[in-house]
Visitor: 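Here it is, the structure in full.
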Amino acid sequence: MTTFKTTITNKIELPQRIKRLGELSYNLWWVWNPTAQRLFNKIDNNLWESVNHNPFRFLKEIPQATLISASKDPIYLEVYDRVFVLYDAYMARKDTWFATQYPKETGTIAYFSMEFGLHETLPIYSGGLGVLSGDHLKESSDIGLPLVGVGLLYTEGYFSQKISEDGWQEAINNPIDFSNLPLNVVLNKDGSELMIEVDFPDGLVKARIWELRIGRTPLYLMDTNIEANNPYIRQLTTRLYWSDINLRIMQEVLLGVGGVRALRALGFDPSAWHMNEGHAAFMTLERARELVVKGKKFEDAIDLCKSSNIFTTHTPVPAGNDEFPLWLIDKYLSKFWPQLNISREQFIDLAKHQQNWGETFSMPILALRYSEGRNAVSELHGAVSRKMWNSLWPEKSEKDVPITHVTNGVHTATWLARRMRVLYEKYFSPDWQDHLDDPEMWSKIDLIPNNELWAVRNHLKRKLSFYAQERGRLRWMKGSYHPVQVIASGAMLDPYVLTIGFARRFATYKRASLAMNDFERLLDIINQPNRPVQILFSGKAHPADEPGKMLIQEVYRAVKKAENGGRIVFLEDYDMNIARYLVQGVDIWMNTPKRPNEASGTSGMKAAANGALNFSVLDGWWREAYNGKNGWAIGPDAELSDSEQDIVDRESLYQTLENEIIPLYYSNRDAGDVPNNWLERVKESLKTVTPQFSMRRMVKEYTKRLYIPAMK
Ligand SMILES: *Cc1c(COP(=O)(O)O)cnc(C)c1O
């Protein structure tokens, strides 16, 4: 087995002196290294934007003459050489955190996830779960963790969102052109594509395997859209989260069972196996099958697998916890249990969930029962999960249910604005990225003069405003856009006004419209003379989630109202690119989930690293981060009934805006118009939030507490 390396130079001629641009575009390392991005946007920024930051397409479409002149430009070449010094040092680095902490450890960790959010050009993520997986891979690379990712490659990916004039979400599914992405299909020695097989009721299904390089970390993605499969099977990996339960269970069998087979075919023998959410739980059964084939009893086999499994649960919301009716299990897995030497009843019992309306096969139960390491993603979510799954350990009291928590984090370098980096580099130390999770380093934030910090914050807010306006203009020029939609998309944004961002999936529990429940009061708040406020919304609802789509419509209808003066805005088609603009450009990051449904949330962490302040319900991560001085809380740290919570939180939201946030932002400006009291709070947030809620801290914690014990 070898991996076939298509080099970009097969497709286009790169001048000798800058030939390594091709190699660079094949490794997603450039995604979190802005200096590397400059190698593209410096030559032709318009093209870089129009190809959606895709180095591959960029190099294909850039005129040859432009490349030749770049290859002779000393300023360009200086940056070029600097980037490759950094890249080569990064790839070859021996003294990584992992190598230093665990010099004797030789095992590999397999990481399974249904979605990976790595970059906007690869839309194989739908929201926070995927972005977390993507950040996890990037961080593993940074700290030298021997981890390999496993997932599916969707030919259409997650949909693009278009909003009709009346605020209705339309889902547009465009095929992804794999040949324009840094993907390598894995080949056998004889040059044919390496295939794995999974047995489904209508026969064997084949999948090919693609490799993606994320710094030092490999990710393998399976895809069934090949000629050997029938048309129905070919669409199996077309989209994320099919609503059709047949396709859904097949996807999960492909991920779990197929994923283990893919790793074996690639020559991996992992010693720890991490399931990011229950979708991958069939993985355990495939590994047990391997041992049964070798002569082990099923009970011993599954126990052995259990000792090296880690399962992370991500949501207390029922729709996020997959369960399948038993007839579906019969249909798709009846060939499987004989291979485990167990009966149908024994198989069903592995994950039987007794509901008051009948029995189901529950993926989280399968994962929880057969993993030695189990965790939720924040402290409160840990408590909620122990309560939710107490029935699996009926002999234990709630607090002793063996589910711990590792609070989420974000990959700082991915989400950080370039200009903020420059500040950190200047005032911390040149190797500041080696200390991302060190609160002591972040305490040096006080060294940054307020006027410098404020200048960068204003720059980022201007970038956000211009970006929104430019998008509106382009959509307007394309036609089929009503004038009011141009205003709704941010044409009237003012880069010097207090700006609030709210962007995430439009699931109903996130209560996107909470701030609008008393619209007159909201208008009073945003339209105050001398103290205006603007709010930017963005987010997609799952195409089958009608209430979610109605929520978007409710927000959009409010956005279109003339009385808000263009100060409430909806940015269509939320993705990682818009997320970066928003988390870098807003002053306030608002989150209004119905507690305790937000298992963690991560976008607020991205905003905090860039100097925005969080204003959120005390749910998920924010309940742990909030200290009274580093942002604001919406509502109390307590459980209320649903209807009570809506009223209490809404009142708290308005009052905090009126009495605290707006006055702090606009008053006590110094001679240079710098709001020093505001920046005090920003610095407190940077000190307390950024190190603790970094992916660095998170992956180290997974390693110490879950991976290393599993590897033993
Ligand atoms: C970070 C991110 C999310 C997750 O946001 P939450 O606050 O955790 O809901 C969703 N979508 C995109 C594109 C993101 O970048």
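Remember, it's a predicted structure, so these values are computed and weren't measured experimentally. All ligand and atom numbering here is 1-based and tracks the order in the structure.
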Visitor: Distance under 4.0 Å to a non-hydrogen atom of Lys510: what atoms of ligand 1 satisfy this?
Guide: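 Going through ligand 1 atom by atom, the ones under 4.0 Å from Lys510 are 9 (O).
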
Visitor: Hey, which atoms in ligand 1 end up nearer than 4.0 Å to a heavy atom of Ala579?
Guide: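 Those qualifying, in numeric order: 15 (O).
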
Visitor: Between Tyr158 and ligand 1, which part of the residue brings a heavy atom under 4.0 Å of the ligand: side chain, backbone, both or neither?
Guide: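 It is neither part, as no heavy atom is under 4.0 Å.
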
Visitor: With a cut-off of 4.0 Å, which atoms of ligand 1 are near a heavy atom of Asp575?
Guide: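 Atoms satisfying the 4.0 Å criterion: 13 (C).
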
Visitor: Hey, would you say the Tyr702 and His274 ring centroids sit under 6.0 Å apart?
Guide: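 Yes - the distance between ring centres of Tyr702 and His274 falls below the 6.0 Å cut-off.
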
Visitor: Should you measure from each heavy atom of Gly127, which atoms of ligand 1 turn up under 4.0 Å away?
Guide: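 Reading through ligand 1 atom by atom, the close ones are 10 (C), 11 (N).
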
Visitor: Can you tell me the protein heavy atom closest to atom 12 (C) of ligand 1 and the distance?
Guide: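 Here the closest protein heavy atom is Tyr574 CE2, 3.5 Å.
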
Visitor: Using ring pair (Phe, Tyr, Trp, His ring centres under 6.0 Å), reason through Trp210 and Phe178 one step at a time and then give a plain yes or no.
Guide: CA-CA 10 Å; Trp210 299 83; Phe178 294 170; 5.2 Å; yes

Visitor: Step through it carefully: locate the ring centre of Trp589, locate the ring centre of Phe615, and say whether they are under 6.0 Å apart.
Guide: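 Between Phe615 and Trp589, which both carry aromatic rings, the centre distance is not below 6.0 Å.
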
Visitor: Which atoms from ligand 1 have a heavy atom of Arg504 less than 4.0 Å away?
Guide: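 Per the distance check, 7 (O), 9 (O).
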
Visitor: Around atom 8 (O) of ligand 1, find the nearest protein heavy atom and jot down its residue, atom name and distance.
Guide: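 For atom 8 (O) of ligand 1, the nearest protein heavy atom comes out as Thr602 N, 2.8 Å.
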
Visitor: Are His279 and Tyr241 close enough that their ring centres sit under 6.0 Å apart?
Guide: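 Yes, they do, as the ring centres are separated by less than 6.0 Å.
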
Visitor: Checking a contact table here: which protein heavy atom is nearest atom 6 (P) of ligand 1, and how many Å away?
Guide: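 Checked against all protein heavy atoms, atom 6 (P) of ligand 1 sits closest to Ser603 OG, 3.6 Å.
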
Visitor: Set out, in order, the CA-CA distance, both residues' side-chain angles and the distance that settles side-chain contact (heavy atoms from CB on, under 4.5 Å) for His53 and Asn577, then state yes or no.
Guide: CA-CA 9 Å; His53 317 128; Asn577 187 36; 3.3 Å; yes

Visitor: Among protein heavy atoms, which lies nearest atom 10 (C) of ligand 1, and at what distance?
Guide: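 So the nearest neighbour among protein heavy atoms is Gly128 N, 3.5 Å.
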
Visitor: Could you check whether the rings of Trp678 and Trp632 sit parallel, tilted or perpendicular, using 30° and 60° as the cut-offs?
Guide: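 It falls in the tilted class, 30° to 60°.
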
Visitor: Give a yes/no on ligand 1: does Arg580 have at least one heavy atom closer than 4.0 angstrom to it?
Guide: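 It does not, in that no heavy atom of Arg580 comes within the 4.0 Å cut-off of ligand 1.
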
Visitor: Around atom 2 (C) of ligand 1, find the nearest protein heavy atom and jot down its residue, atom name and distance.
Guide: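 Ranking protein heavy atoms by distance from atom 2 (C) of ligand 1, first comes Lys606 NZ, 2.5 Å.
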
Visitor: Less than 4.0 angstrom from a charged side-chain N to a carboxylate O is my criterion; do Arg475 and Glu572 meet it?
Guide: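 A salt bridge is present here (some side-chain N lies under 4.0 Å from a carboxylate O).
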
Visitor: What atoms of ligand 1 come within less than 4.0 Å of a heavy atom belonging to Gly601?
Guide: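 Close to Gly601: 8 (O).
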
Visitor: Inspect the contact between Asp573 and Lys540 and indicate whether a charged nitrogen and a carboxylate oxygen are less than 4.0 angstrom apart.
Guide: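 Yes, Lys540 and Asp573 are salt-bridged.
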
